[in-house]
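For reference, the structure is listed below as structure tokens.
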Amino acid sequence: MIYADNAATTGMTPHAVDAMVPFLAEQYGNPSSLYSFGQESKEALEDARARIAACLGADPREITFTSGGSEADNQAIVTGAAIGARKGKKHIISTAFEHHAVLHTLKALEKEGYEVTLLDVHKNGVVTPEQVAEAIREDTCLVTIMYANNEIGTIQPIKEIGAVCREKGVLFHTDAVQAAGHVHIDVKDQNIDMLSLSAHKFHGPRGIGVLYAKRGIMLRNLIYGGAQERGKRAGTENVAAIMGMAAALEESCSNIDVNAKHMTAMRDRLIEGLDKIPYAELNGDRERRLPGNVNFCFEGIEGESLLLLLDDKGICASSGSACTSGSLDPSHVLLAIGRPHEVAHGSLRLTIGEDITEDQIDYMIGAVDEVVTYLRNMSPFWRDLTVGKRVHMFAE
Ligand SMILES: *Cc1c(COP(=O)(O)O)cnc(C)c1O
């Protein structure tokens with residue numbers, strides 16, 4: 001099997017598993033308990049917090065543990081909204097191609113009287129600092145823009161966008177779930193006020209994440225209860241998962257450069273190979289993208305059938321995001337970069353892992369080529385294109 005769906009989730013490394021095991025079994029003390037058995041868990045927890053902070057250029061007091069990326073996004077956005085409301089500012093800026101954890105939180109806030117501006121995304125999958133500067137108003141309280149897109153892998157000019165927000169005195173949150181552990185992040189240098197990450201996207205466990213919030217930002221609770229996480233996120237801490245996350249983040253951050261070098265080479269080989277298929281186009285900028293992300297549209301194809309046939313060939317791939325598969329709507333990300341509905345349906349996302357080999361890349365190129373040809377030969381839509389009843393959207 002070739003696992004090429006690392007944007008959906010990743011497998012844990014042995015290092016991350018090893019870091020968890022003691023806290024699942026013998027070291028089960030509750031960090032809130034006063035006896036030393038509990039305090040040992042507390043010490044491990046705080047050590048993990050410090051190590052995670054160090055990976056981001058943050059202070060440990062700025063790190064809050066959450067149940068994952070979705071919760072961190074929700075909490076960051078309602079925090080920005082609540083801070084704004086106190087000053088009578090209820091305008092939020094985001095983009096059309098955010099993850100649903102962001103978009104649906106914004107939808108909920110709209111129902112509570114907030115106004116949301118979703119910036120258009122350029123054809124290459126990038127939003128510019130100029131667009132952000134233009135959209136900021138007197139009553140803007142929050143800008144939330146993702147670091148790297150989960151479908152097309154494009155990386156945003158985060159430092160520059162952060163600088164614009166800082167200059168205008170507007171809070172800046174970034175959903176860095178796809179970026180953390182894959183590209184270098186420094187929250188201070190990059191002018192980031194709040195940042196979300198999730199362990200299972202960098203070979204840590206599922207169900208654990210982090211919200212970084214710059215000192216001075218009073219987080220708004222999503223979950224009320226005990227005094228855990230300085231009272232800002234109640235519930236007995238998942239110490240084992242936190243230990244696994246810290247180990248995975250340290251491991252991936254210390255290997256970013258080596259991993260990126262290998263994966264970028266493999267990614268570019270895959271892009272080059274798939275580019276040879278007629279009437280196919282890469283989605284998102286070729287350079288400004290995550291080292292592991294390849295996303296193509298093929299004319300005359302249904303993404304779903306493509307995935308099933310690739311599964312038969314032992315390839316785990318995706319079309320659109322996991323949340324939208326099963327629905328008939330094409331990906332909102334592909335529509336945001338201007339792909340027409342017919343083409344957006346025929347998309348394929350291959351997100352490779354660090355250990356991918358050249359042979360596996362070549363196998364995938366062959367398999368996709370074969371499956372695309374097979375599906376096109378059966379498609380009435382494709383026949384219309386070939387006989388000239390419809391016009392091609394892509395060059396051959
Ligand atoms: C996966 C993902 C999320 C959600 O993270 P979970 O930990 O699964 O809740 C949010 N944003 C982006 C960009 C993601 O890729």
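Whatever order the structure lists ligands and atoms in, that order sets their numbers, starting from 1.
- Near ligand 1, heavy-atom contacts under 4.0 Å come from Gly68, Gly69, Ser70, Asp73, His99, Met146, Asn150, Asp175, Val177, Gln178, Ser198, His200, Lys201.
- Every residue meeting the side-chain contact (heavy atoms from CB on, under 4.5 Å) condition with Val78, not counting sequence neighbours, appears here in chain and number order: Thr105, Arg220, Leu222.
- Side chain of Asn238 to main chain of Ala241: a donor-acceptor pair is present (N/O by atom type, distance under 3.5 Å, no hydrogens or angles).
- Asn293 and Arg267 are not linked by any side-chain donor-acceptor pair at a separation below 3.5 angstrom, with hydrogens and angles left out of the test.
- If you chain together ILVMFWY residues whose side-chain heavy atoms come under 4.5 Å of each other, Val116 ends up grouped with Ile77, Ile83, Ile92, Val102, Leu103, Leu106, Leu109, Tyr114, Leu118, Leu142, Leu171, Met194, Leu211, Ile217, Leu219.
- A ring-ring contact (aromatic ring centres under 6.0 Å, His included) check over residues 128-178, counting only residues at least two apart or in different chains, returns nothing.
- Between Tyr28 and Phe37, the two ring planes are perpendicular [angle over 60°; tilted spans 30° to 60°].
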